[in-house]
Amino acid sequence: MPTHLCLYNSLSRRVEPLVATDPRRVTFYSCGPTVYDDAHIGNFRSFLAADVLRRWLESPWCTLAGEVPQPVGREVLHVMNITDVGHMTDDEGADGAGEDKMAAAGRRIAEAKKAGTLPSGVDIDATDPYAVAEFYTARFVDDACMLGFKVALDERQSPGFMPRATQYVPAMVLVIERLVQSGHAYFVGREGARVVYFRVKSFPAYGRLSGNVLDRLREGQGGRISANNQAGKEHPADFLLWKEDPRHIMKWNSPWGEGYPGWHIECTAMAAWRVWLREASLWKAPAGADWSAAWQPLLDRQQEGGAALIDLHSGGEDNAFPHHECEIAQSCCAFNTRPEQGTFASCWFHVRHLFVEGAKMSKRTGNFFTARDLFARGVEPGALRLELIRAHYRVNANFTLQGLDDCARMVERWRRVLEAKGVMGTPGRAQAAEVLRMEFTDAMNDDLNVARAIGAINTWLAGVAEPTTDDQRVLKVIDGVLGVLSVPRLVGASTELAVYAPGTKPNPEVEAKLQARKTARAAKDFAASDKLRDELGALGYVIKDVASGRVEVSRKG
RNA sequence: GGCCGCGUGCCAGAGUGGUCUAAUGGGGCGGAUUGCAAAUCCGCUAUUCGGCGGUUCGAAUCCGCCCGCGGCCUCCA
């Protein structure tokens, strides 16, 4: 059992102790969502895995290798980008052709507007890509906060933790300039259609993360390297840093003309910028600054040898190649004195994709869920969060509606411990709490074994007859990590007679039957009472008598 | 074609050489409680870990082959 946190590092393909540059202040960058649609539960599983890692690092129970245990948690600078620059929809021209996804999203919104299906109170200019991006970004932050995603909560309190790519284009331009100056990038094409490429041959370590070898990429079955986007490239794997395109709906100035950045450069620029700002004890960029003047000194810095710039970098498994591979290449070449020895981040954390009801999630097969769909159906955020984090992050977890129910019950049971009065502790309970602390810690240190940690909680819970203050204390620390009890709860409507579960609305027919049932029960006419319950069942309602003397009404199944 | 991963009971999901005749939650079954339900509590519920071989005193755990599933190599969490 490790006494300190060990994580699987995609770069070394091994579980190894996490080593941070400064163990008391860990830097963590997560690849965030694209905002031309609502995030689905698969997206959230990946973000939430990163969130659990961040919360564990902040926990007072977490110790890093070589560190003396401390009574307070460490500080984690966790930043997650919002990709609000549209990518292209056309796969053929992966380097920049086809319709911009943000433009496509705008079209969808315009259609929804016409059809009258847009949520009430929403009025956005669907032709403005920034407005479309803001619309989906706001919805993402809402959903993420419901799920207790700390970066989103940080962002809400003090904007800056979820940087928008569109606001960092000048930084990207500066990074690209560095790469061009140092010979790691080159530009081709006539004025009006210039393209800047990263020179993959200038970074011998390219392929280290994904295992893809340059020569093999040449003949990739996936068709990544197709003849029609090779124009001007020195090597087929060279990737786009900047594309001049004055007609594009989102465009910025650059030394290579008006256009837009490539898809990998945003993370490099934002991660670097955030880390350096933090070192300068600033959370936000100086306002109204001349970008170049503000950024240049930081961007001119070089990391000694191959020293990592950030401690942790996370993303979905599909991000490993090409995105993270390219990020490593361009970042190390821009910021390391010995680029080929660099890794950009010390530990690369990749989360496997989620399955739904045993199959790949897809809109076509009808097993596609967004978080907000589920909330609208009355699913408790805490239950959804638990269902998404309970399986190990490196297996394809299977999301099921049954599993969601299981989790809702578990959350309820845990919650009762915290909501109880909390009697005075006993030596026995204090010891049980200590056992739980150790088991939970061991499980989390072992590559974030949340499933085992949950098992330990439930075993402990079986011994909790009447919760003591010790029990409550230990569960609170645990929930600081799992975050399922501290999340908002949906509130249902209630009437004199009934408490309606979230997702269920009061209606006169139900109320009438409940009233009749109440009367029947008062008269001890149980046959009539049971008949009314059956009738409600036929209408699709499940009822339960609850402590308040009222009846809890929920939808069946 | 290249690189990588997975396959445990009805479901979800731990366990990676002996204490595993396999944690934990759900489900099912039986009991307590309840007018009946619900909730809660107690008990039972895989001699077995995709298949076949091998290594070993000993394997779900290591090795080989086979079968099945999946990811990346193209935008994707």
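Sequence lines set the chain letters: A, B, ... in the order given, protein chains first and strands last, and positions in each chain run from 1.
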When you compare [N] with [M], how far apart are their [atom1] atoms, in angstrom units rounded to a whole number?
N	M	atom1	value
B/G7	B/C63	P	14 Å
B/U24	B/U8	C1'	14 Å
B/C29	B/C69	C1'	33 Å
B/A46	B/G15	C1'	14 Å
B/G2	B/C66	P	14 Å
B/G26	B/C20	C1'	22 Å
B/G64	B/U55	C1'	11 Å
B/U56	B/C67	C1'	26 Å

> Using 30° and 60° as the class limits, which term best fits the ring planes of A/His350 and A/Trp348: parallel, tilted or perpendicular?
Replying inline: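 Parallel, since the angle between the ring planes stays under 30°.
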Sugar-phosphate, base or nothing in reach of [X], heavy atoms under 4.0 Å:
X	value
A/Arg208	nothing
A/Asp545	base
A/Ala49	nothing
A/Phe355	sugar-phosphate
A/Ala391	sugar-phosphate
A/Asn398	sugar-phosphate
A/Asn319	sugar-phosphate
A/Gly403	nothing
A/Ile457	nothing

Expressed in angstrom and rounded to an integer, what is the separation of [X] atom [atom1] from [N] atom [atom2]?
X	N	atom1	atom2	value
A/Lys531	B/C36	NZ	C1'	16 Å
A/Asp406	B/G13	CG	P	11 Å
A/Glu387	B/G25	CD	P	16 Å
A/His392	B/G5	NE2	C1'	12 Å
A/Phe399	B/C11	CZ	C1'	14 Å
A/Ile389	B/A77	CD1	C1'	16 Å
A/Glu325	B/C76	CD	P	15 Å
A/Glu412	B/A38	CD	C1'	13 Å

> 5'-most contact on RNA chain B: A/Arg352 or A/Phe526, nearest heavy atom basis?
Replying inline: A/Arg352
> RNA chain B: A/Val546 or A/Ser46, which has the more 5' nearest nucleotide?
Replying inline: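 First, find each residue's nearest nucleotide; the 5'-ward one identifies A/Val546.
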Residue [X], side-chain heavy atoms: nucleotide from [options] that is nearest:
X	options	answer
A/Trp263	B/G25, B/C75, B/G71	B/C75
A/Arg517	B/G26, B/A77, B/G35	B/G35
A/Met361	B/C73, B/G70, B/A77	B/A77
A/Phe47	B/A77, B/C36, B/C73	B/A77
A/Pro322	B/G26, B/C73, B/A12	B/C73
A/Arg533	B/C36, B/G13, B/C75	B/C36
A/Asp318	B/C76, B/G70, B/C36	B/C76

Side-chain ion pair, [X] and [Y], N-O less than 4.0 Å:
X	Y	result
A/Asp530	A/Arg517	no
A/Glu419	A/Arg416	no
A/Arg54	A/Asp154	yes
A/Arg452	A/Asp446	yes

Complement of [N], any strand, by Watson-Crick or G-U distances under 3.5 angstrom:
N	answer
B/G70	B/C4
B/U16	none
B/C75	none
B/C65	B/G51
B/G9	none
B/C44	B/G28

> Is the ring centre of A/His353 under 5.5 Å from the base ring centre of B/A77, and are the two planes under 30° apart, so that they stack?
Replying inline: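 Here the ring of A/His353 and the base of B/A77 are stacked, with centres under 5.5 Å and planes under 30°.
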> If you take atom types as modelled and just measure distance, does the side chain of A/Arg13 reach the base of B/C4 with a donor-acceptor pair under 3.5 Å?
Replying inline: no
>> Between the base of B/G35 and the side chain of A/Arg521, is there a donor and acceptor pair under 3.5 angstrom?
In response: yes
Under 4.0 Å between a side-chain N/O of [X] and OP1 or OP2 of [N], yes or no?
X	N	value
A/Asn449	B/G15	yes
A/Lys360	B/G71	yes
A/Asn43	B/A77	yes
A/Arg416	B/U40	yes
A/Ser210	B/G71	no
A/Arg409	B/A39	yes

> Does atom NZ of A/Lys251 have more than 12 heavy-atom neighbours from other groups under 6.0 Å away?
Replying inline: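 Atom NZ in A/Lys251 is packed in, count exceeds 12.
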>> Has A/Asp406 got a side-chain atom pairing as donor or acceptor with A/Gly403's backbone, closer than 3.5 angstrom?
In response: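 Between the backbone of A/Gly403 and the side chain of A/Asp406 there is no qualifying donor-acceptor contact (under 3.5 Å).
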>> Before we go on, tell me: are the rings of A/Tyr500 and A/Tyr541 under 6.0 Å apart, centre to centre?
In response: no
>> Under the criterion side chain to side chain contact (heavy atoms under 4.5 Å, CB included), I'd like the reasoning laid out for A/Phe140 against A/Asp37: C-alpha separation, chi angles, the key distance, then a yes or no.
In response: CA-CA 9 Å; A/Phe140 176 78; A/Asp37 212 341; over 6 Å; no
>> One pair to check against side chain to side chain contact (heavy atoms under 4.5 Å, CB included): A/Phe198 and A/Phe203. What are the steps and the verdict?
In response: CA-CA 10 Å; A/Phe198 181 85; A/Phe203 185 64; 4.2 Å; yes
